Asks: 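Have a look at the structure that comes next, please.
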Amino acid sequence: LGLDKVLFTQQEKTRGQLLELAERVGVHAAEVPMATRNPPPLAALASGAFDCSIKAVAGIDRAFEAYSCLSPAEECELAAAKARHWTLREGIRARHIALACSDLGTYGPLLENAFARYGVPLFLSQPEDLLQKPPVAAVLGILEALDGGLTVQGVMAWLKAGLSGISAADRDRLENYALTWNLRGNAWLRPFTLATTGYGGTAPGEAERLARLEAIRQCIAAPLSTLRDSLGQCTTGSRYAEALKAHLEATGFAAAVEARMAVLERSNRPRLAMEYAQLAAIVDGALAQTAAAMADDPMDLHTFTRLLRLCLSQYSVDTIPASLDAAVAVPFERMPMGALHRVIILGSREGLLPAGTAGSGLLSESERIRLEGAGIVLTQSAEEMAFEAQSYIYRAMACGTRLMMTYPQVGSDGSECRPSFILRRMCALAGITPRQASGAVSAARLSAPVPAFEAACRATLTPGDPVAQEARTALSHNPE
């Protein structure tokens, strides 16, 4: 664990629990001290980020670099450009490159886009809310729409899952009409006769618009009406599960998922396609589990919907990389433990490195201490979560042979950003200052076909841009 027991609070807690367990079962436990050796430069630099007694770290050379970027999008493009340079010019395999960030919800799509443009395979590994995934949202959505009285919000939440067979354009038309007249309940099941323009009277083409809306209504009214009648006859958990499963089979839920998977495969998104297959299997398993556990328990639709949502929330989805040789982008707690040659930490700004932790909950610190002293195992306190987050960051910074950190000057919401105290501390220890990324990104665009083509297209609009002119000249001599 090293000498910093504060930084490794969770590891110390686990050690204590193991020693207590060994004593309880009568097994001899021995602590073997770690062999003393000089840590690698990056490990020493990472330790110094959290140890103020360290004043400087020697021997860093090119092992650590820092960049100031204009935005998260430029951070991701710089990371993709660096990864391409390392793989093509330095012989680094993509699987030996790891990217870590506390906010993959924001950075994930930007990274996928940037790495695709620069031709570097990337695997995005992050925990996601399974209940928001389209296959699960479609199943829960129609139940919650019926349970809520077929409000506009409930019905549209079901349709926006994208598996009802309604196109996005038709869905938007239907939503505008439903919001105009605040449709609810049986209004979805009766023919549409109200004006599409609201109370302002009709406009040219009114008959065609209303006919189109009526055709859309008929597509969704049949499954809504049929399922409502089936669920209305149910009184136990198993009957509700059987009725819902029969509805999914009748409406072609499995075929809709397979069609979406085919679209994702064609658009070069195999990871998401595999995820859809897992989600469909999870829905089927959750219905079987709910039917078995609540076979004869009396309940209403609201209770069944809540229980099914709870059951589905306990599942998780994981996928393996489609390619064995791919860079990996992860939150800090998922950082790979294997040998890494290059590590990139994105979003090294205040508030994100480290990310904020939740409050300590109902118990005060003194109450927690008394309960833990009585042998009661509690969840982590806010202080323990903060130290655990720092230990994850330390591991990410120390696990590679070279480290690059970036921070945005402006966040995704337009707010001004400052570099994290960890980044400032590491730059001070290494004796460097963050470099501006704009020049490096502009030059790197010539190394990949897609960014080079984009730069060449800008040559006409920006004749004074030397990179755009160079890209245009290079591509003019390359007919392919």
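In this chain, residues are counted from 1 in sequence order. Computed from a predicted structure; not experimentally measured.
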Asks: Identify, with sequence neighbours excluded, every residue that meets side-chain hydrogen bond (donor to acceptor under 3.5 Å, both in side chains) alongside Thr303.
Replies: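 Thr303: side-chain hydrogen bond (donor to acceptor under 3.5 Å, both in side chains) contacts with Asp300.
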Asks: With side chain to side chain contact (heavy atoms under 4.5 Å, CB included) as the test, would you mind laying out the steps for His247 and Ser230 before giving the verdict?
Replies: CA-CA 9 Å; His247 163 78; Ser230 298; over 6 Å; no
Asks: Keeping to residues at least two apart or across chains, list the side chain to side chain donor-acceptor pair (under 3.5 Å) pairs with something in residues 279-291.
Replies: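 As it turns out, the side chain to side chain donor-acceptor pair (under 3.5 Å) pairs with a partner in residues 279-291, which skip direct neighbours, are Gln289-Tyr315.
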Asks: How long is the gap from OG1 on Thr235 to CG on Leu301, to the nearest 0.5 Å?
Replies: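 Between atom OG1 of Thr235 and atom CG of Leu301 there are 12.5 Å.
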Asks: Let me see the working for Met294 and Ser238 under side chain to side chain contact (heavy atoms under 4.5 Å, CB included), right down to the final yes or no.
Replies: CA-CA 6 Å; Met294 303 293 177; Ser238 60; over 6 Å; no
Asks: So does Ala222 get a backbone contact from the side chain of Ser225, meaning a donor-acceptor N/O pair under 3.5 Å?
Replies: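 No; judged by distance alone, with no hydrogens or angles, the pair does not exist.
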Asks: Please set out all donor-acceptor pairs under 3.5 angstrom arising from side-chain atoms of residues 150-165, sequence neighbours excluded.
Replies:
| unit_1 | atom_1 | unit_2 | atom_2 | d |
| --- | --- | --- | --- | --- |
| Thr151 | OG1 | Gly154 | N | 3.1 |
| Lys160 | NZ | Glu175 | OE2 | 3.1 |

Asks: Does atom CD of Glu416 have more than 12 heavy-atom neighbours, drawn from other residues, nucleotides or ligands, at distances under 6.0 Å?
Replies: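 For Glu416, atom CD is not crowded (no more than 12 foreign heavy atoms under 6.0 Å).
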Asks: Using side-chain contact (heavy atoms from CB on, under 4.5 Å) as the criterion, list what pairs up with Glu249, not counting sequence neighbours.
Replies: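 If we apply the side-chain contact (heavy atoms from CB on, under 4.5 Å) test to Glu249, skipping adjacent residues, the hits are Lys245.
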Asks: Quick one: ring-ring contact (aromatic ring centres under 6.0 Å, His included) partners of Phe115, sequence neighbours excluded?
Replies: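 Partners of Phe115 under the ring-ring contact (aromatic ring centres under 6.0 Å, His included) test: none.
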Asks: Which residue is it: Leu346, Leu423, Ile345? I am looking for the one with a side chain to side chain contact (heavy atoms under 4.5 Å, CB included) to Tyr407.
Replies: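 So the option named by the test is Leu423.
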Asks: State which residues pass side-chain hydrogen bond (donor to acceptor under 3.5 Å, both in side chains) with Ser412; sequence neighbours excluded, sorted by chain then number.
Replies: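 If we apply the side-chain hydrogen bond (donor to acceptor under 3.5 Å, both in side chains) test to Ser412, skipping adjacent residues, there are no hits.
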Asks: What residue pairs, at least two apart or across chains, pass side chain to side chain donor-acceptor pair (under 3.5 Å) with a residue in residues 106-118?
Replies: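 Sorted pair list: Glu75-Tyr107, Glu77-Tyr118, Asp103-Thr106, Arg117-Glu454.
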Asks: Scan residues 183-192 for pairs that pass side chain to side chain donor-acceptor pair (under 3.5 Å), counting only residues two or more places apart or in two chains.
Replies: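 The answer is Asn186-Arg228.
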Asks: Tell me, please, which residues at least two apart from Arg171 pass side-chain hydrogen bond (donor to acceptor under 3.5 Å, both in side chains).
Replies: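 By the side-chain hydrogen bond (donor to acceptor under 3.5 Å, both in side chains) rule, Arg171 matches no residue at all.
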Asks: What side-chain donor-acceptor pairs closer than 3.5 Å can you find for residues 324-333, not counting sequence neighbours?
Replies:
| unit_1 | atom_1 | unit_2 | atom_2 | d |
| --- | --- | --- | --- | --- |
| Asp325 | OD1 | Ala94 | N | 3.0 |
| Asp325 | OD1 | Arg95 | N | 3.0 |
| Asp325 | OD2 | Arg93 | NE | 3.3 |
| Asp325 | OD2 | Arg93 | NH2 | 3.3 |

Asks: Restricting to pairs with a member in residues 195-216, which pass salt bridge (charged side-chain N to carboxylate O under 4.0 Å, His left out), not counting sequence neighbours?
Replies: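 Salt bridge (charged side-chain N to carboxylate O under 4.0 Å, His left out) check on residues 195-216 returns Asp170-Arg212, Glu206-Arg209, Glu214-Arg217.
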Asks: Check side-chain hydrogen bond (donor to acceptor under 3.5 Å, both in side chains) between Ser415 and all other residues, then give those that pass, not counting sequence neighbours.
Replies: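 In terms of side-chain hydrogen bond (donor to acceptor under 3.5 Å, both in side chains), with neighbours along the sequence ignored, Ser415 is linked to Asp413.
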